[in-house]
Number of protein chains: 2
Amino acid sequence: MPTSGASTLQTARERFIAQWGALGSAWGINRTMAQIHALLLLSPEPRSTDEVMEALAISRGNANTNLRELVTCGLCRKVVRPGERREYFEAEKDVWQLFCTILRERKRREIDPTRTVLRDCADSTRGLRDAEGRAVHEQLKALADFVELAASLAERVAATEQSKIVPAMLRLLG
Amino acid sequence: MPTSGASTLQTARERFIAQWGALGSAWGINRTMAQIHALLLLSPEPRSTDEVMEALAISRGNANTNLRELVTCGLCRKVVRPGERREYFEAEKDVWQLFCTILRERKRREIDPTRTVLRDCADSTRGLRDAEGRAVHEQLKALADFVELAASLAERVAATEQSKIVPAMLRLLG
DNA sequence: CTATACTTTCATTTTGTTCCGAAAGTTCCG
DNA sequence: CGGAACTTTCGGAACAAAATGAAAGTATAG
């Protein structure tokens, strides 16, 4: 007996949504937000707030807040359909685009502030002459340099087309 | 009037600890754990539980739990000093080692489970014949492939010496 | 202008996390 | 043994984040 297509689809969708939510959670992102994103990633057509509410069993306020946030950070778009008042939302589907958006956002929120602090700290301890001061300065400098490298790399990667980068990655793997 | 070396050092240390804590927070890591790690990163000598408690103004239980966790995930080591009962802790200081440890840990906790789910979902939707089923399958497959690539890349990078990778990165940037 | 359909906001409740410190456990030494 | 020095565990207090749903706001059609 062949598996029902509808339930297969539904099961896969649910597993993916759950996992994407868990991943978001590990990244310090609101779980619901990640789940909405997952739902929209797998939706061939844009979805309305009400459809999102229904699919994930969440409240209107919750859905609204997180949809808005998804739009803000560039992972989703609002779609208006001619003649319809209701708003729809769709996710950016291209995986490389998605990756770049996430990369940029995380660089901005995580790497950049850290880089600033590390540079300041390394600078301010540069003049220290005692053993501990020197050791701390060296450690800070090593960290600062690394984060600096990470920042340039992230920026460069996020600005490159998939077709240019993926082969380079594969070469690195070879 | 020259700045006091001691307070300069103290200020830099505190800023760094605060920032590292914030970064940990964004990564879904216990803030205190990240702060302890920061403190140890900047400590030329290993520190005892009591020193950590005092420096960060945290309780014994809290310090103990998080130090243990840091050891578990390979970011710190327990150090026993001959003739002393008290335990000391030190962080891995080498920045590239540190990066690799974090990379491996995050791959294990974030990428691997996601990869499994994506593969399963992509497989189970392979047979679908209606428009929506096909679209969903394609999207899942694109995500699965990307995560697969990320996994190999992470593995490869974490297993490579700094001297081999950093030049390659810089070339990528050039 | 009004009724209606939809969106947004916000005070409140719910849920989840972190931290503390007391108590129990372990190890070591005389 | 016994007890001193230290480590680990654990229940719950304190805090932080997320979700709810009702109320307020806004646009549209008639």
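Below, each value reflects all heavy atoms present in this structure, side chains not excepted, and no hydrogens, waters or symmetry copies.
Using modelled atom types, no side-chain atom of A/Arg15 and backbone atom of B/Cys121 make a donor-acceptor pair closer than 3.5 Å. Here the side chain of A/Asn66 pairs a donor or acceptor atom with the backbone of A/Asn62 at under 3.5 angstrom. Without hydrogens or angle criteria, B/Glu51 side chain to B/Ser48 main chain gives a donor-acceptor distance under 3.5 Å. With hydrogens and angles ignored, the 3.5 Å screen pairs no side-chain donor or acceptor of A/Ser43 with any backbone N or O of A/Pro46. No donor-acceptor pair under 3.5 Å is formed between the side chain of B/Gln19 and the backbone N or O of A/Leu118.
Comparing atom distances between the B/Ser59 side chain and each of C/dG21, C/dC6, C/dT8 picks out C/dG21 as nearest. Proximity note for B/Thr32 (side chain, C-beta onward) versus D/dA19, C/dT7, C/dC19: the nearest is C/dC19. Closest to the A/Ile58 side chain, of the nucleotides C/dT18, C/dT7, D/dT20, is D/dT20.
Across the protein-nucleic acid pair, A/Leu56 atom CG and D/dA19 atom C1' stand 13 Å apart, rounded to whole Å.
Under the 4.5 Å side-chain criterion, counting only non-hydrogen atoms from C-beta, B/Leu149 is in contact with A/Leu170.
If you check every strand for non-hydrogen atoms under 4.0 Å, B/Arg31 touches nothing.
In terms of heavy atoms, B/Glu161 sits closest to B/Trp96 at C-NE1, 3.7 Å. A pairwise comparison of heavy atoms in B/Pro113 and B/Lys107 identifies CD-O, 4.3 Å as the closest pair.
Contacts between residues 61-85 of chain A and DNA chain D, defined by a heavy-atom separation under 4.0 Å, are made by A/Gly61, A/Asn62, A/Asn66, A/Arg85. Shown for residues 40-53 of chain A: no residue has heavy atoms falling under 4.0 angstrom of DNA chain C.
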